[in-house]
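Chain naming here is simple, since letters A, B, ... match the order of the sequence lines and numbering starts at 1 in each. No hydrogens, no waters, no symmetry mates; every other heavy atom, side chains included, goes into these values.
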Protein chains: 4
Amino acid sequence: MGDTMSEKKILIIDKSVELFAKNGFESTSVQDITKACGISKGAFYLHFESKNSLLISIFQLFLDKFTEKVSSALQMEVSPKDKLELFLRIQFEETDHYSNFILMLLREQTKPDNNDLFLLMKKMDTQLNDNLSTLLVDIYGEDIENHLVDMIIMIKGLMKGYSELIVMCDSNFDHSKLARYLLSRIDSLVAGLTTPFLETNFFNKNNPELDCSKS
Amino acid sequence: MGDTMSEKKILIIDKSVELFAKNGFESTSVQDITKACGISKGAFYLHFESKNSLLISIFQLFLDKFTEKVSSALQMEVSPKDKLELFLRIQFEETDHYSNFILMLLREQTKPDNNDLFLLMKKMDTQLNDNLSTLLVDIYGEDIENHLVDMIIMIKGLMKGYSELIVMCDSNFDHSKLARYLLSRIDSLVAGLTTPFLETNFFNKNNPELDCSKS
Amino acid sequence: MGDTMSEKKILIIDKSVELFAKNGFESTSVQDITKACGISKGAFYLHFESKNSLLISIFQLFLDKFTEKVSSALQMEVSPKDKLELFLRIQFEETDHYSNFILMLLREQTKPDNNDLFLLMKKMDTQLNDNLSTLLVDIYGEDIENHLVDMIIMIKGLMKGYSELIVMCDSNFDHSKLARYLLSRIDSLVAGLTTPFLETNFFNKNNPELDCSKS
Amino acid sequence: MGDTMSEKKILIIDKSVELFAKNGFESTSVQDITKACGISKGAFYLHFESKNSLLISIFQLFLDKFTEKVSSALQMEVSPKDKLELFLRIQFEETDHYSNFILMLLREQTKPDNNDLFLLMKKMDTQLNDNLSTLLVDIYGEDIENHLVDMIIMIKGLMKGYSELIVMCDSNFDHSKLARYLLSRIDSLVAGLTTPFLETNFFNKNNPELDCSKS
DNA sequence: TATGAATGAGCCTTCATTCAT
DNA sequence: CATGAATGAAGGCTCATTCAT
């Protein structure tokens, strides 16, 4: 997986992302994929161990790209608020790109074989939480700490609300504008905070193993 | 379906909700269901026409209960704000109950046969939007109208954020307290509104047929 | 079976003849039959050992009625030619009545269980052959004997040709007229006979066990 | 279907013709077929879309061969009577080959899916009628026209009478001799014609759509 | 590398038959 | 006599995966 990928492998991934997104994982047969790629069924298994491992490869690939984008954004020398805006924009951009596939992913949860996938998704969510934490503290100072958990839940909620719009409609939203809009909403939310709903250590306390912070 | 259900039928629904939630619809075989119920494969078809119709029955059942609860809440003689609070609480309570199943539902979108299901979900979402609209105008007056679409998207996002928590963790949240908390957050959001992101007629404009307001 | 039949049993036979004729034996379920009769599935098995035994009962019943009609006709004191005419007419009348069912019967041939049915059909055909033999000799004298086998084959062919018409179309043919018409054709055939095609002992020689004279 | 067929496909057709003929279509499972062929269940679907489409393929195949044989015969430069003889011989030869299967075919009338099959059979019968019409007029002149419908019914009856013999027994009949024999019988029939039984336009009048001339 | 025929487990569904009531 | 819920074998079909070429 870490290897540079062959053209064929990339082709398979591209086409299958498309098909999975459109029809779902279970309803897309290996045959469908190979036909879309113009290759033989055998060729598929030359590149992937199984249909399931393809799914994991795709997600891994997505996660890698995403992580890289985000971390390079976070290293830029701009104000914390600009960083959060950038961060939000990246979320929307990536959602826009992988959207349907991501939606589909949410389905194939806990099957024994897909446990690897589950772990990957958990890892991704943890990253997201950590990044948001850091950004929020950078922006709003240490006073926000009592509200961190709530804020993260809410921000992810807001993002998901608009992400779904991006997925469901083909609306070509202006991601930059949307990011700025949400930044402003976040400001409002923070301004009105009084008593937190969730405890500060909520993420650590709940389901130490199967962490609750899964999105 | 409206009939009083036989014990067996209820058993099948209960177990299948559980299994669908855990493994997904496609990955749960009728065999799995009947085994979990301790009945024969044939017995399943005594109660449901098909695996698919079971899915629809479940959703219909959920929708009926939910609709009833909501509409009786909306008819209570309390302040608009109290109504919204009640409304939110009901969402969380119901989510808590059907949780995983609902999550799973979001997946089986495109299958031809599940078109009925899709329509049901669309209907439910439209109801949700309408109810929220009315409540918001009641509370914040006509000035909110320009922001209705954004507010609905955001409120649904916030609710979903916390709903997922309810689903993922087994945390016994205080739904009342959560509703009050969110009410306060909604106040903050409204207080900070300036320029809307989405147009007022967004729901009507996008995919008139296959309305975008699907959640 | 020899017993006088209960009303219920007759009801079942009537309805099932109809259904078998319309949809075929395999495609008609016991459920279909009991629903058409307005009785429970259990009641069916009170009257018939199995679906298969029902089939045999029906055929037996048909055969009994038919045999009786024919034999009473053959005992009438009329000219041999009139007897043949009567004989032909009965064939068409019965065909008209049981038509679709008879057609259907031709299908469920040799299945292990239906061996009884096969024997019944063989028996019926043998009777038919014997009757035709006697009548032909009565009419055309001993000279016809060399041609008996051919004549039987041909007469049955002619009858079947017109029987199919009766079955396929709903044409209300005048069975009497048709019988007279065929009588005339048979005359023509006999008039032109020269060298037989089949040997006199054809029916006895071929397949002693599984006699070839099956229709 | 027009393609040259793979050996495997031919094997499946051969074995299934045999099994269908012996047990009927409904009572022959795909499993039965594949077992008889020594292949796996899945392999069947590599060659045929469905069990039903196999049936149609077989019939189509038979019809093609048959049509070709007949039409090449009809183009030969011989006397009309010789043509009819040839025509009859071909019927018997082909019957001899596909025999039981054809018999079985007559059964699966009403199934929705088998509508294609029904149309094919109707087409074949219409061809048969047309060919016989032409041949009869060529041989017996225009005087026969009033009797065409009856003659066709009767000739098909005679043919069926002997065809069944071919099917039921394994008798190795001399098809040539049989054809000549029947030619002579047809002569006798024509010689004795007086008043027709069926009207000239019978085929056109009855069930214009679902023509009655189905055999 | 690449192919695609072949496999066989598994899926949804139907249905003849049984049996407790 | 009558019921109908329950059974489970069997049917048509799909599909991930393998393997000889």
ask   = Of C:H47 and B:G38, whose closest DNA chain F nucleotide lies nearer the 5' terminus?
value = C:H47
inquiry  = Using heavy-atom distances to pick each residue's nearest nucleotide on DNA chain E, tell me which of C:D32 and D:K8 is more 5'.
reply    = D:K8
query = Roughly, in whole Å, what's the span from CG in B:L54 to C1' in E:dC12?
reply = 13 Å
query = Roughly how many Å is it from CD1 in A:I12 to C1' in E:dT1, rounded to a whole number?
reply = 13 Å
key: Student check: side-chain heavy atoms of A:L55 and A:K51 closer than 4.5 Å   = no
message = Using a heavy-atom cut-off of 4.0 Å across all strands, would you classify C:K35 as base, sugar-phosphate, or nothing?
response = nothing
message = Using only atom types and a distance under 3.5 Å, with no angle test, would you say the side chain of D:K15 pairs donor to acceptor with the backbone of D:G38?
response = no
remark   = note: D:I33, atom CD1; F:dA10, atom P; distance rounded to Å ~ 17 Å
request  = Identify the residue among B:L54, B:L11, B:T28 that makes a side-chain contact (heavy atoms from CB on, under 4.5 Å) with B:S16.
outcome  = B:L54
request  = Any chance you could lay out the side chain to side chain contact (heavy atoms under 4.5 Å, CB included) test for A:F25 and B:E26, step after step, and finish with the verdict?
outcome  = CA-CA 10 Å; A:F25 179 72; B:E26 302 272 7; over 6 Å; no
Canonical and wobble pairing (Watson-Crick, G-U, under 3.5 Å) of DNA chain E, dot-bracket with | = .||||||||||||||||||||
task = Give me the ring orientation class for D:F62 and D:F66: parallel if the planes are under 30° apart, tilted from 30 to 60°, perpendicular past 60°.
result = parallel
ask   = Within the structure, does a side-chain N or O atom of B:S40 lie under 4.0 Å from either OP1 or OP2 of F:dT7?
value = yes
query = How would you list, by chain and number, every residue that makes a side-chain contact (heavy atoms from CB on, under 4.5 Å) with C:I10, sequence neighbours excluded?
reply = C:M5, C:D14
note = Here the distance between atom P of E:dC12 and atom CZ of B:F48, to the nearest Å, is 15 Å
request  = Using a 4.0 Å heavy-atom cut-off, write out nucleotides 16-21 of chain F from 5' to 3' as B (base contacted by protein), S (sugar-phosphate only) or - (no contact).
outcome  = SBB---
inquiry  = Suppose we screen for side-chain contact (heavy atoms from CB on, under 4.5 Å). Which residues come up paired with B:E18, at least two apart in sequence or across chains?
reply    = none
key: Residues forming a side-chain contact (heavy atoms from CB on, under 4.5 Å) with B:I39, sequence neighbours excluded   = B:K8, B:I12, B:T34, B:C37, B:A43
key: Those residues that, when tested against C:D32, pass side-chain hydrogen bond (donor to acceptor under 3.5 Å, both in side chains) (two or more places apart)   = C:S29
inquiry  = Checking contacts here: which listed nucleotide (E:dT7, F:dA5, E:dT3) is nearest the side-chain heavy atoms of B:L46?
reply    = F:dA5
